[in-house]
There are 2 protein chains.
Amino acid sequence: MKLCFAKPLALMAKKEVKAIDSSTEERIKLAAHKLFAQKGYAGTKTRDIASEAGINLALLNYYFRSKEKLFELIMREHIQQFFQGMFQVLNDENTSIQQKIETLVSRYVDTLMLKPDIPIFVLSELRNSPMNLAENIQKNMQIKNSYFMKQIKEGISNGTIDNIHPVQLMSNLISLTVFPFIANPILKTIHGIDQEQFNTFMLERKKLIPLWIAEIIKPKTTINK
Amino acid sequence: MKLCFAKPLALMAKKEVKAIDSSTEERIKLAAHKLFAQKGYAGTKTRDIASEAGINLALLNYYFRSKEKLFELIMREHIQQFFQGMFQVLNDENTSIQQKIETLVSRYVDTLMLKPDIPIFVLSELRNSPMNLAENIQKNMQIKNSYFMKQIKEGISNGTIDNIHPVQLMSNLISLTVFPFIANPILKTIHGIDQEQFNTFMLERKKLIPLWIAEIIKPKTTINK
DNA sequence: GCAAACTTTAATCATTTGTTTAAATCTTTT
DNA sequence: AAAAGATTTAAACAAATGATTAAAGTTTGC
């Protein structure tokens, strides 16, 4: 086992932020983003990242110390992004429950149509990684205490929505939206459709999911009471 | 690149099938099952499989030729099992739509509580693997033409269920059931619950999902018509 | 323009990893 | 029990892979 310090990492505090998008560091990150999402951590080789980024292999270690460090960085960004997006929507005090649901579904469908590999990548790596996610998530964990959750609970006691555990509701929302992207290959094979038809299918869902959720949380008029 | 034939593979036609469960071949397959599901193809090392199975490394190649062959074998088994289970339920001509839904959800929840890694493993590997799944799935693809699908279409034209594309309905069913297992780590972190509470949560869902689906497909009485 | 700092390169190292080989052990058949 | 065949073992190989080094190139600050 070797130790590897002393070698100064590229100093982050650049005087001028020169063309960030095409800086070497950024190119490596982009390439890593793409390949990690596509093939997972173990399936991605440092040489693949280097050649995808069009850089020398050594630069990866120069900028990010190690494959693992680079991976964690990227993983954090993904998780951050996911929760940030959700957080913004769920904590808007000026929108109704139904509006929040519509926005959430709409956003995620749009995002995932562009980057369909993200959810399976994140969730797949999450299951083993001893990575301290708690740390990263806890900050954004205010979803449990979000304004949306308050609205739900209020709606339940008002009787304007059916009695449903908020966690169940959230799970339904995310499941219905995200899972089809994860099961994409199977869905396409089972139903004999191509990518374009799949996208149409998801756009249709964008409209339907909020309606379905509305049905689910609509108060049931029980006869025998 | 080397060629590797000539060496005779263990002959399959044994005179006597001696204690299959503890045969070396089966032990390897079990270990591979476990590790592949846990860490994926690239993340699983042949040496890990060997030590998990308590066998000499060379035996893996003796019985299965290569890591890849072993992987494909196991992958096929998983897919086979998934579709077989679904097929049985969906093609039972003696059960109602609602009964099929209940059985399906109930089965998958029970199965996945025991082997929660399977879906993410299969779906994760499926996205890149050039493996010819079509071949494997096509046989079981009769889901599209299953009795369940007939019942749905019939229900729609009868007006006993709401007009919904059967693919959307199936997607909802699988999404609501399977996705929480895939998102398990995030769900637990977000809501601050442990594995036991998660299982309770899923058992609750087992009862709820059929009710939700029922709401979704219930005919809507449109006023302005 | 020059020195210092930063960035990039090619080559190399040390492990890891999938696979093979040849010999040893065990089992079955004769 | 000996021969033939099946199974298992230890050792080794070759390629892949993450990381490092030392030197060359480039930019920056003065």
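The side chain of Thr24(B) contributes no N or O atom lying less than 4.0 Å from OP1 or OP2 of dT7(D). Taking only side-chain nitrogens and oxygens, Asn56(B) never comes nearer than 4.0 Å to OP1 or OP2 of dT8(D).
In this structure, the CZ atom of Phe64(A) is 16 Å from the C1' atom of dG18(D), given to the nearest Å. Going from atom NZ of Lys67(B) over to atom P of dT16(C) covers 16 Å, rounded to whole Å. Distance Arg65(A) CZ to dT21(D) P: 11 Å, rounded to the nearest Å. Tyr63(A) has its OH atom 17 Å from the P atom of dT20(D), to the nearest Å. Rounded to an integer number of Å, the gap from CG of Asn61(B) to P of dT7(D) is 16 Å. The CG-C1' distance, from Leu70(B) to dT17(C), rounds to 15 Å in whole Å. Computed from coordinates, the Ile55(A) CD1 to dT7(C) P distance equals 14 Å when rounded to whole Å. Following rounding to the nearest Å, Glu68(B) (CD) and dT19(C) (C1') show an atom-to-atom distance of 13 Å.
Side-chain contact check for Glu77(A) and His33(A): at least one donor-acceptor pair (N or O, by modelled atom type) lies under 3.5 Å.
The salt bridge (charged side-chain N to carboxylate O under 4.0 Å, His left out) contacts involving residues 48-64 of chain B comprise Lys34(B)-Glu52(B), where partners must be two or more places apart or lie in separate chains. The stretch residues 195-210 of chain A participates, sequence neighbours left out, in these salt bridge (charged side-chain N to carboxylate O under 4.0 Å, His left out) pairs: Asp110(A)-Lys206(A), Glu204(A)-Lys207(A).
Legend: residues meeting side-chain contact (heavy atoms from CB on, under 4.5 Å) with Thr44(A), ordered by chain and number and at least two apart, are Leu35(A), Phe36(A), Lys39(A), Ile49(A). Applying the side chain to side chain donor-acceptor pair (under 3.5 Å) test to Gln88(B) and every residue at least two apart in sequence or in another chain returns Arg107(B). Gln99(A) is linked by a side chain to side chain donor-acceptor pair (under 3.5 Å) to Ser96(A), counting only residues two or more places apart in sequence or in another chain.
For His78(B) and Phe121(B), the distance between ring centers is under 6.0 angstrom.
Here the nucleotide nearest the side chain of Tyr62(B), chosen from dA6(D), dT19(C), dT9(C), is dA6(D). When distances are taken from the side chain of Leu59(A) to each of dA19(D), dT8(C), dT21(C), the shortest belongs to dT8(C).
The residue Leu57(A) sits close to a base: some heavy atom pair falls under 4.0 Å.
For the segment residues 33-51 of chain B, the set of residues with a heavy atom within less than 4.0 Å of an atom of DNA chain C comprises Thr44(B), Lys45(B), Thr46(B), Arg47(B), in numerical order.
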